[in-house]
Trainee: 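Questions regarding the structure given below will be posed in turn.
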Amino acid sequence: MVKLFSLGSEPVIGNLNPSKKKEYRVTNRLQEGKRPLYAIVFNFIDSRYFSVFATVGGNRVTVYQCLEGGVIAVLQSYVDEDKEESFYTVSWACNIDGTPFVVAGGINGIIRVIDAGNEKIHKSFVGHGDSINEIRTQTLKPTLVISASKDESVRLWNVHTGVCILIFAGAGGHRNEVLSVDFHPSDICKFASCGMDNTVKIWSMKDFWSYVEQSFTWTDIPSKFPTKYVQFPVFNASVHSNYVDCNRWLGDFILSKSVDNEIVLWEPKVKEQTPGEGSVDILQKYPVPECDIWFIKFSCDFHYNAAAIGNREGKIFVWELQSSPPVLIAKLSHAQSKSPIRQTAVSYDGSTILSCCEDGTIWRWDDFANSEA
């Protein structure tokens, strides 16, 4: 019997044969340490530092710079005083005067805001009741960062004043660890979170924006700030049947991945009259073989032209995001890269891809298709 689908109701699935649009080659491999590296991220906040990136693993935060010819230079390293700390996530932010900050969190549930100018701690945020799985920065206001935690909550912080502005948890919140969070690229009040309860939730800060503004002028001690609880998301989606460990906005669409070997692109159709409810239109699927362990995060270049994701066998899949059906730009593999890749970082223009691995290595791949090499 032939199944008939109306237009747009059946997702378009990408083909795993690379189109060979880009020719990435390994230009460097660094062994940072023996402990797993969980996160790697370029600084897209400040155009002066687009080639600078940070990694976290164990109780260490390291800042590097990608130079010409595959060179990776170590700029600075911060070692937490607690040897038992294990950082899981790192993000770039900045103070109101433009000072670059590196913000990291992990197993201890403490967020360290490190002043990258003087390599000292600017602030430490205590509030989460358990480990921190992801920190993201509001690119339109890079003094604001958001953290997703094992304690089932998401928190919004001001790195300038040290204030915890809003806590997203409660009756309509996540029912298990929150694994990933991402701000909407153009709507400053909106973000999405996902986690071990298999859901993706979209939240709005619109009704609480006065608290956000108040946080910038707060002069009293941070703990006295009237932190507000937000209990209900504006949208609740069950796109996956397992843990959702990474979500990113693609315009008004959402890219999310679970442990079922694919990234899914879908459109949330929010019902304005009944917050929390709505429907999901699944648009495209990007297959990622051997990606069935959780806590593997994908990344995109600055313009969201491409997404790169590693798998548990040390391979990287680079998908073009602006095409339908999805086009696999490159499949990267190397005989010595066998360890699970926890996260990738794609450079501003997509010409460099970095990966950080379970075995403590950092890999650098450069695109030679568009160069003289």
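Basis for what follows: all heavy atoms, side chains included, without hydrogens, waters or symmetry-related copies.
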Trainee: Quiz question: by atom type and distance under 3.5 Å, do the side chains of S147 and E134 form a donor-acceptor pair?
Mentor: no

Trainee: Heavy atoms only: give me the nearest W92-V41 pair and the separation to one decimal.
Mentor: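 Shortest heavy-atom separation between W92 and V41 comes out as NE1-O, 3.1 Å.
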
Trainee: Counting neighbours of NZ on K123 that are heavy atoms of other residues, nucleotides or ligands and sit closer than 6.0 Å, is the number greater than 12?
Mentor: yes

Trainee: Could you tell me whether a side-chain N or O of R364 sits under 3.5 Å from a main-chain N or O of V71, the two making a donor and an acceptor?
Mentor: yes

Trainee: Report yes or no: does Q76 contribute a side-chain atom to a donor-acceptor pair with the main-chain N or O of A116 at less than 3.5 Å?
Mentor: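 Between the backbone of A116 and the side chain of Q76 there is a qualifying donor-acceptor contact (under 3.5 Å).
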
Trainee: Stepwise, does the salt bridge (charged side-chain N to carboxylate O under 4.0 Å, His left out) test hold for E290 with K315?
Mentor: CA-CA 9 Å; E290 278 72 53; K315 294 181 175 67; over 6 Å; no

Trainee: Do D182 and S180 get their side chains close enough for a donor-acceptor pair, meaning under 3.5 Å?
Mentor: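 S180 and D182 do not have a side-chain donor-acceptor pair below 3.5 Å.
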
Trainee: Would you mind reporting whether F44 and T139 have side-chain heavy atoms less than 4.5 Å apart?
Mentor: no

Trainee: If only side-chain N and O atoms count, and only distance matters, is there a donor-acceptor pair under 3.5 Å linking T137 with S91?
Mentor: yes

Trainee: Of the non-hydrogen atoms in I353 and Y24, which two are nearest, and what is the gap between them?
Mentor: CD1-CZ, 3.6 Å

Trainee: Is it true that a side-chain atom of D245 and a backbone atom of F295 form a donor plus acceptor pair closer than 3.5 Å?
Mentor: yes

Trainee: So, N95 and H160: side-chain donor and acceptor under 3.5 Å apart, yes or no?
Mentor: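 Short answer, yes.
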
Trainee: Describe, in one word, how the ring planes of F208 and Y211 are oriented to each other, choosing from parallel (under 30°), tilted (30 to 60°) and perpendicular (over 60°).
Mentor: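 Rings of F208 and Y211: tilted, as their planes differ by 30° to 60°.
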
Trainee: Please say yes or no: joined through hydrophobic side-chain contacts below 4.5 Å, possibly via intermediate residues, are F50 and I362 part of one cluster?
Mentor: yes

Trainee: Looking only at the side chains, is there a donor atom on one of N242 and D260 sitting less than 3.5 Å from an acceptor on the other?
Mentor: no

Trainee: Output yes when K83 and E85 qualify as a salt bridge under the 4.0 Å nitrogen-oxygen rule, no when they do not.
Mentor: no

Trainee: Can you list the steps and then say if C356 with Y38 is a side chain to side chain contact (heavy atoms under 4.5 Å, CB included)?
Mentor: CA-CA 7 Å; C356 67; Y38 286 111; 5.9 Å; no

Trainee: Only one of I309, L321, V12, N261 passes side-chain contact (heavy atoms from CB on, under 4.5 Å) with Y286; say which it is.
Mentor: L321

Trainee: Would you say CD of E84 has more than 12 non-hydrogen atoms from neighbouring residues, nucleotides or ligands within 6.0 angstrom?
Mentor: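 Not more than 12 within 6.0 Å, no.
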
Trainee: Among V56, D80, V61, V103, find the one that has a side-chain contact (heavy atoms from CB on, under 4.5 Å) with R112.
Mentor: D80

Trainee: Under 30°, 30 to 60°, or over 60°: which ring-plane class applies to H334 and W363, parallel, tilted or perpendicular?
Mentor: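 It falls in the tilted class, 30° to 60°.
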
Trainee: Looking at Y243, does the NZ or CZ of K257 lie under 6.0 angstrom from its six-membered ring centre and within 45 degrees of the ring axis?
Mentor: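 Judged by the rule, K257 and Y243 form no cation-pi pair.
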
Trainee: S223 versus F225: any side-chain heavy-atom pair under 4.5 Å?
Mentor: no

Trainee: Which pair of non-hydrogen atoms, one from D292 and one from R312, has the smallest distance, and what is that distance?
Mentor: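 Looking at all heavy atoms of both residues, the shortest contact is OD1-NE, 2.6 Å.
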
Trainee: Using a 3.5 Å distance criterion without hydrogens, assess whether the side chain of T352 forms a donor-acceptor pair with backbone atoms of D366.
Mentor: no

Trainee: For residues D46 and G98, report the shortest heavy-atom separation together with the two atoms involved.
Mentor: OD2-O, 4.3 Å

Trainee: Is there a side-chain contact between L166 and M205, using heavy atoms and a 4.5 Å cut-off?
Mentor: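 Yes, at least one pair of side-chain atoms sits under 4.5 Å.
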
Trainee: Do E320 and S323 pair up side chain to side chain, a donor and an acceptor below 3.5 Å, judged on atom types alone?
Mentor: yes

Trainee: Using the ring-ring contact (aromatic ring centres under 6.0 Å, His included) definition, which of the options F235, F191, W249 pairs with H184?
Mentor: W249

Trainee: Give a yes or no answer on whether the side chain of Q343 reaches the backbone of I40 with a donor-acceptor pair at less than 3.5 Å.
Mentor: yes

Trainee: List the steps, then state whether side-chain hydrogen bond (donor to acceptor under 3.5 Å, both in side chains) holds for W266 with S256.
Mentor: CA-CA 8 Å; W266 51 279; S256 59; 2.9 Å; yes

Trainee: Between R248 and R136, is the side chain to side chain contact (heavy atoms under 4.5 Å, CB included) condition met? List the steps.
Mentor: CA-CA 10 Å; R248 299 287 181 260; R136 299 282 286 171; 3.3 Å; yes

Trainee: Mind running side chain to side chain contact (heavy atoms under 4.5 Å, CB included) on I132 and T89 for me, showing each step along the way?
Mentor: CA-CA 8 Å; I132 292 154; T89 180; 4.0 Å; yes

Trainee: Do M196 and I107 share a hydrophobic cluster, counting only Ile, Leu, Val, Met, Phe, Trp and Tyr and linking them when any side-chain heavy atoms are less than 4.5 Å apart?
Mentor: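 Yes.
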
Trainee: Are I110 and I135 joined in one hydrophobic group, where the rule is that I, L, V, M, F, W and Y side chains link up if heavy atoms are under 4.5 Å apart?
Mentor: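 Cluster IDs for I110 and I135 differ.
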
Trainee: Will you find, in the side chains of N176 and E152, an N or O donor that is under 3.5 Å from an N or O acceptor?
Mentor: no

Trainee: Could you check whether any side-chain N or O of N311 sits under 3.5 Å from a backbone N or O of C291, counting only pairs where one atom can act as donor and the other as acceptor?
Mentor: no

Trainee: Rounded to the nearest 0.5 Å, what separates atom SG in C94 from atom CD1 in I45?
Mentor: 6.5 Å

Trainee: Answer yes if the side chains of T344 and S299 hold a donor-acceptor pair under 3.5 Å, and no otherwise.
Mentor: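 Yes, a side-chain donor-acceptor pair sits under 3.5 Å.
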
Trainee: If you apply the rule side chain to side chain contact (heavy atoms under 4.5 Å, CB included), what do you find for V102 with V63, and how did you get there?
Mentor: CA-CA 9 Å; V102 187; V63 178; 4.1 Å; yes

Trainee: If hydrophobic clusters are built from ILVMFWY residues whose side chains come within less than 4.5 Å, do L283 and W319 share one?
Mentor: yes

Trainee: So, D197 side chain and R175 main chain: donor-acceptor pair closer than 3.5 Å or not?
Mentor: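 Answer holds: yes.
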
Trainee: Are L250 and I263 co-members of a hydrophobic cluster defined by side-chain heavy atoms under 4.5 Å apart?
Mentor: yes

Trainee: More than 12 heavy atoms of other residues, nucleotides or ligands under 6.0 Å from CD of E68: yes or no?
Mentor: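 Atom CD in E68 is not packed in, count stays at 12 or less.
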
Trainee: Quick one, D115 and F101 - any side-chain contact, counting heavy atoms below 4.5 Å?
Mentor: yes

Trainee: Any luck finding a side-chain donor-acceptor pair between R155 and S149 under 3.5 Å?
Mentor: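 No.
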
Trainee: Could you tell me whether the side chain of H174 reaches within less than 4.5 Å of the side chain of S193, counting heavy atoms only?
Mentor: yes

Trainee: Does the side chain of L328 reach to within under 4.5 Å of the side chain of N17, using non-hydrogen atoms?
Mentor: no

